[in-house]
Amino acid sequence: HCQQQPDEHFALLFLDLDDFKKVNDTHGHKIGDLLLIEIANKLKEVVRRENDTIARIGGDEFFILLTDISQRSQIETVIDHLFANFAKPLSIGSPPLKFKVNFSIGIALYPDHGENSDTLINHADMAMYQIKKTRKKNHYCFFEP
């Protein structure tokens, strides 16, 4: 649960890979798993602050927890770096297969959008599904009550 100092703010980003099911269906789960490992490695290149956290929560979904957030622009900067880092297709396997990686990202802010982990996760998930409904690739949405 969220045990932060009262004046601290953080952001929970819920990342869902767009069209990942097609990778597994077309190339098999072994290639899908290798792609997920490469994605996780690239996420670590973007999210480098010591107190920030990346977690794969299952399938093609990741959480990023950004700490010490005072402005939305800090979050948007991280997301811009993330999209830039994944602009080029990733090469997986030998001979290499190329995969363009796109994300839908929902964002919930502590304490604005919830004061416990379950509420924050639910709100980030709701925001992410707003993006999925639009069918846009590489977009993000802040939770709106």
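If you're wondering where the values come from, they're calculated on a predicted model, not measured in any experiment.
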Peer 1: For a side chain to side chain contact (heavy atoms under 4.5 Å, CB included) check, start with the C-alpha distance between Asp68 and Gln74, then their side-chain angles and the critical distance, and finish with the verdict.
Peer 2: CA-CA 10 Å; Asp68 297 325; Gln74 291 172 283; over 6 Å; no
Peer 1: Establish whether Ile57 and Leu12 are linked, either directly or via other cluster members, by ILVMFWY side-chain heavy-atom contacts under 4.5 Å.
Peer 2: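 Yes, same cluster.
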Peer 1: In Å, rounded to the nearest 0.5 Å, how long is the span from CD1 of Ile105 to CZ of Phe142?
Peer 2: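 With rounding to 0.5 Å, CD1 (Ile105) is 10.0 Å from CZ (Phe142).
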Peer 1: Within the supplied structure, the quantity of interest is the number of heavy atoms (other residues, nucleotides, ligands) at a distance under 6.0 Å from Arg49 CZ; does it exceed 12?
Peer 2: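 Check passes, neighbour count above 12.
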Peer 1: Go through Leu36 and Leu17 one step at a time and tell me if the side chain to side chain contact (heavy atoms under 4.5 Å, CB included) criterion holds.
Peer 2: CA-CA 10 Å; Leu36 287 169; Leu17 294 169; 3.7 Å; yes
Peer 1: For the hydrophobic clusters of this structure (ILVMFWY residues joined by side-chain heavy atoms under 4.5 Å, transitively), does one cluster hold both Leu120 and Ile75?
Peer 2: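 In one cluster: no.
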Peer 1: What residue among Lys132, Arg135, Lys100 forms salt bridge (charged side-chain N to carboxylate O under 4.0 Å, His left out) with Asp18?
Peer 2: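 Only match with Asp18 under salt bridge (charged side-chain N to carboxylate O under 4.0 Å, His left out): Lys132.
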Peer 1: Which distance, rounded to the nearest 0.5 Å, do you find between the CZ of Phe20 and the CG of Leu35?
Peer 2: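 Spacing of CZ (Phe20) from CG (Leu35) equals 5.5 Å.
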Peer 1: Tell me whether Tyr110 is reachable from Met128 by hopping between hydrophobic residues (I, L, V, M, F, W, Y) whose side-chain heavy atoms are closer than 4.5 Å.
Peer 2: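 Per the 4.5 Å side-chain linkage, Met128 and Tyr110 are co-clustered.
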Peer 1: Measure the CD1-CD1 distance between Ile107 and Ile64 for me, rounded to the nearest 0.5 Å.
Peer 2: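 One gets 10.0 Å once the value is rounded to the nearest 0.5 Å.
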Peer 1: For residues Ala127 and Cys141, report the shortest heavy-atom separation together with the two atoms involved.
Peer 2: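 Of all heavy-atom pairs spanning Ala127 and Cys141, the closest is CB-O, 3.4 Å.
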Peer 1: Dump the intermediate steps for side chain to side chain contact (heavy atoms under 4.5 Å, CB included) on Phe99 and Ile31, then the final yes or no.
Peer 2: CA-CA 10 Å; Phe99 296 96; Ile31 292 295; 3.6 Å; yes
Peer 1: Test your reading of the model: is there a side-chain donor-acceptor pair from His113 to the backbone of Leu109, 3.5 Å cut-off?
Peer 2: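 Pair found, side chain donor or acceptor close to backbone of Leu109.
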Peer 1: Drop me the distance from His81's NE2 to Asn85's CG, to the nearest 0.5 angstrom.
Peer 2: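 Taking NE2 in His81 and CG in Asn85, the distance rounds to 9.0 Å.
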Peer 1: Please check if atom NZ in Lys136 has more than 12 non-hydrogen atoms from other residues, nucleotides or ligands closer than 6.0 Å.
Peer 2: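 Count not over threshold, so no.
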Peer 1: Drop me the distance from Asp52's CG to Leu66's CG, to the nearest 0.5 angstrom.
Peer 2: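 It comes to 5.0 Å.
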Peer 1: Check ring-ring contact (aromatic ring centres under 6.0 Å, His included) between His139 and all other residues, then give those that pass, not counting sequence neighbours.
Peer 2: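 None.
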Peer 1: Apply side chain to side chain contact (heavy atoms under 4.5 Å, CB included) to Phe143 and Asp112, showing your working.
Peer 2: CA-CA 10 Å; Phe143 174 75; Asp112 304 17; over 6 Å; no
Peer 1: For the NZ atom of Lys42 and the CD1 atom of Ile54, what is their distance to the nearest 0.5 Å?
Peer 2: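 Reported value, rounded in 0.5 Å steps: 12.5 Å.
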Peer 1: Let me check something: do Leu15 and Ile131 share a hydrophobic cluster, defined by ILVMFWY side-chain heavy atoms less than 4.5 Å apart, either directly or through other members?
Peer 2: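 No, Leu15 and Ile131 fall in different hydrophobic clusters.
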Peer 1: Please work out whether the ring planes of Phe83 and Tyr140 are parallel, tilted or perpendicular, with thresholds of 30° and 60°.
Peer 2: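 Ring orientation of Phe83 relative to Tyr140: tilted.
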Peer 1: Between Ala124 and Ala108, which heavy-atom pair has the shortest distance, and what is it?
Peer 2: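 Closest approach of Ala124 to Ala108, heavy atoms only: N-CB, 3.7 Å.
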Peer 1: Count I, L, V, M, F, W, Y as connected when their side-chain heavy atoms are under 4.5 Å apart, and connections chain through other members. Are Leu43 and Leu34 then in the same cluster?
Peer 2: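 Same cluster: Leu43 reaches Leu34 through Ile, Leu, Val, Met, Phe, Trp or Tyr contacts under 4.5 Å.
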Peer 1: Report yes or no: does Thr119 contribute a side-chain atom to a donor-acceptor pair with the main-chain N or O of Glu115 at less than 3.5 Å?
Peer 2: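 It does not hold such a pair.
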